[in-house]
A.B. asks: 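Could you have a look at this structure, given as structure tokens, before my questions?
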Amino acid sequence: MNAALVDPSTSHPLRTTLVCVGLAVLLVLLALVSMALGAVPLSLNRVLAGLFGGPDAFIIGQYRLPRVIVAILSGAALALGGLFLQVALRNPIASPDVVGITKGAGLGAMLALIFAPPAWIIWSVPVGVIIGAGAVAALLLAIGRGLGGGVTTLALVGVSLGALAQAMMQFFMVRYPRGIDQSMVWLAGSVYGSTISDVLSLSVWLLACLPAVILLAMVLDISAFGDDTLKSLGISPNLLRASLVLTAVVLTAGAVASVGSIGFLGLLAPHIARLMVGPHARHLVPATALAGALALLLADLIGRLVALPNEIPAGIVASVIGGPYLFFLLLWEARRRG
């Protein structure tokens with residue numbers, strides 16, 4: 001069993017409750033601060049009044065609240081996608097962007113932006129994201145299974161597919177330079193311009209994913225056992241890993257369709273949650289979702305503050321933080337294994 005994923009001594013129900021309540025309170029406070037900032041700064045009192053039909057209800061309801069909600073939902077989805085991939089691959093550095101799913105989604109979005117008529121952009125980009133992410137996941141499972149279906153094999157195949165998708169994006173950037181301006185902004189990852197329709201579509205998508213998330217959370221602890229142990233319990237290791245990967249793909253596709261390519265969030269949030277509440281699924285899943293929501297909302301807020309009056313996309317802020325953290329994880333894993 002992977003010691004990085006399972007350490008029973010670090011889990012406690014009371015601690016988990018306090019951590020989740022603390023994260024939720026921080027999330028609400030950060031959301032209020034985020035809604036107070038903008039071209040027209042508002043006091044927290046005006047924000048609260050605007051939420052309940054006050055004078056600033058239009059600004060809050062049409063522009064700032066949708067941005068906050070999309071950031072929260074997308075951050076939670078990316079974080080849970082990263083958690084499921086880490087468990088499926090039994091690799092602490094696995095995440096949707098590391099194994100190529102995010103890059104596949106980005107490639108699908110870029111092709112939609114380049115080749116689809118402008119009038120179709122509203123639905124062609126989400127469809128491209130889903131097809132791109134699904135294609136990478138299908139290739140990941142098919143090639144990995146053909147090579148034995150091992151954990152290490154799946155991880156290496158995912159990295160290779162991500163590199164291939166990245167190379168194809170660079171090819172299309174060179175081949176169609178006039179059609180990539182919008183795709184470059186989108187690929188940077190940002191919640192700017194989120195609308196109520198984005199909130200509704202993402203909410204429906206994630207609600208559809210909720211049953212799968214709950215079912216997988218119930219077997220998440222068991223999945224940390226070795227393949228022989230899982231078979232002795234009557235569980236197919238390959239089917240379980242495929243379910244985790246596919247659910248991660250669906251969660252990631254919904255988030256990427258809404259906010260673009262946000263890197264490293266699926267890597268950071270599960271580790272932060274694991275440090276706070278331990279590895280048990282009933283503690284880890286809610287804490288990971290809250291940590292991911294808080295991380296993306298914070299990245300968006302930082303991006304809005306550091307370059308006033310301009311904005312830095314949240315995806316760039318997340319990469320600046322996540323890149324060094326990934327390097328730290330690689331060093332930690334190398335030292336742990338001797």
Side-chain angles (χ1 to χ4, degrees), residues 1-2 4-6 73-105 130 133-134 136-141 144-145 149-155 157-159 161-162 205-225 227 230 235-256 262-274 277-293 295-296 322 329:
M1 193 180 299
N2 195 326
L5 296 177
V6 177
L73 294 178
S74 299
L78 289 169
L80 289 176
L83 173 63
F84 289 156
L85 284 176
Q86 288 175 12
V87 174
L89 303 182
R90 296 176 197 162
N91 191 324
I93 65 171
S95 68
D97 51 298
V98 173
V99 301
I101 293 175
T102 301
K103 291 184 175 65
I130 295 169
V136 169
L139 288 171
L140 173 65
L141 294 174
R145 186 174 183 179
V151 173
T152 302
T153 300
L154 286 174
V157 170
V159 171
L161 290 174
W205 184 268
L206 296 183
L207 281 174
C209 298
L210 188 59
V213 172
I214 294 174
L215 289 174
L216 289 174
M218 297 170 64
V219 298
L220 208 59
D221 292 332
I222 299 175
S223 64
F225 290 102
D227 288 1
L230 289 174
I235 299 174
S236 169
N238 290 336
L239 179 60
L240 179 57
R241 278 197 287 270
S243 299
L244 288 166
V245 171
L246 289 176
T247 303
V249 168
V250 175
L251 289 169
T252 301
V256 173
I262 305 286
F264 294 105
L265 189 61
L267 172 69
L268 288 170
H271 282 279
I272 293 171
R274 194 175 286 114
V277 302
H280 290 317
R282 66 180 183 274
H283 306 152
L284 186 57
V285 170
T288 297
L290 287 169
L296 183 52
L329 278 180

A.B. asks: Cut-off 3.5 Å, no hydrogens considered: what does the side-chain donor-acceptor table look like for residues 244-255, sequence neighbours left out?
C.D. replies:
residue : atom : partner : partner atom : Å
Thr247  : OG1  : Ser243  : O            : 2.8
Thr252  : OG1  : Ala248  : O            : 2.7

A.B. asks: Taking the side chain as every heavy atom from C-beta outward, state whether Ser74 and Leu296 have any atom pair closer than 4.5 Å.
C.D. replies: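 Contact flag for Ser74/Leu296 side chains = yes.
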
A.B. asks: Just verifying a value: how many Å separate Leu215 CG and Leu210 CG, rounded to the nearest 0.5 Å?
C.D. replies: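 Interatomic distance, Leu215 CG to Leu210 CG, rounded to 0.5 Å: 9.5 Å.
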
A.B. asks: With a 4.5 Å heavy-atom cut-off, do Ile101 and Leu85 have their side chains touching?
C.D. replies: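 Answer yes - side chains close enough.
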
A.B. asks: Using the rule given for side-chain contact (heavy atoms from CB on, under 4.5 Å), can you reason through Val87 versus Leu216, listing the C-alpha separation, both sets of side-chain angles and the distance that settles it, and then say yes or no?
C.D. replies: CA-CA 11 Å; Val87 174; Leu216 289 174; over 6 Å; no

A.B. asks: Which atom names give the shortest non-hydrogen contact between Pro96 and Gly82, and what distance separates them?
C.D. replies: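 The answer is CD-CA, 3.6 Å.
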
A.B. asks: Looking at CG of Leu83 and CG of Leu284, how far apart are the two atoms once the value is rounded to the nearest 0.5 Å?
C.D. replies: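 Those atoms lie 5.0 Å apart.
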
A.B. asks: If I compare all heavy atoms of Leu265 with all of Gly75, which pair ends up nearest, and what's the gap?
C.D. replies: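 Closest heavy-atom pair between Leu265 and Gly75: CD2-CA, 3.7 Å.
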
A.B. asks: Measure the CG-CD1 distance between Leu290 and Ile272 for me, rounded to the nearest 0.5 Å.
C.D. replies: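 If I round to the nearest 0.5 Å, the distance is 12.0 Å.
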
A.B. asks: Provide the closest heavy-atom pair for Ala79 versus Gly292 in the form atom of the first, atom of the second, distance.
C.D. replies: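 Where Ala79 meets Gly292 most closely, the heavy atoms are CB-CA, 3.6 Å.
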
A.B. asks: What I'd like to find out is whether the side chain of Gln86 reaches to under 4.5 Å of the side chain of Leu267, using heavy atoms alone.
C.D. replies: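 Of all side-chain heavy-atom pairs linking Leu267 with Gln86, at least one is under 4.5 Å.
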
A.B. asks: What heavy-atom pair brings Ala281 and Ala217 nearest, and what distance separates the two atoms?
C.D. replies: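 Here Ala281 and Ala217 meet closest at CB-O, 3.2 Å.
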
A.B. asks: Of the non-hydrogen atoms in Asp221 and Pro279, which two are nearest, and what is the gap between them?
C.D. replies: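 Closest heavy-atom pair between Asp221 and Pro279: OD1-O, 3.7 Å.
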
A.B. asks: Not counting sequence neighbours, which residues clear side-chain contact (heavy atoms from CB on, under 4.5 Å) with Ile222? List them please.
C.D. replies: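 Once residues adjacent in sequence are excluded, the partners of Ile222 under the side-chain contact (heavy atoms from CB on, under 4.5 Å) criterion are Phe225, Leu230, Leu233, Ile235.
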
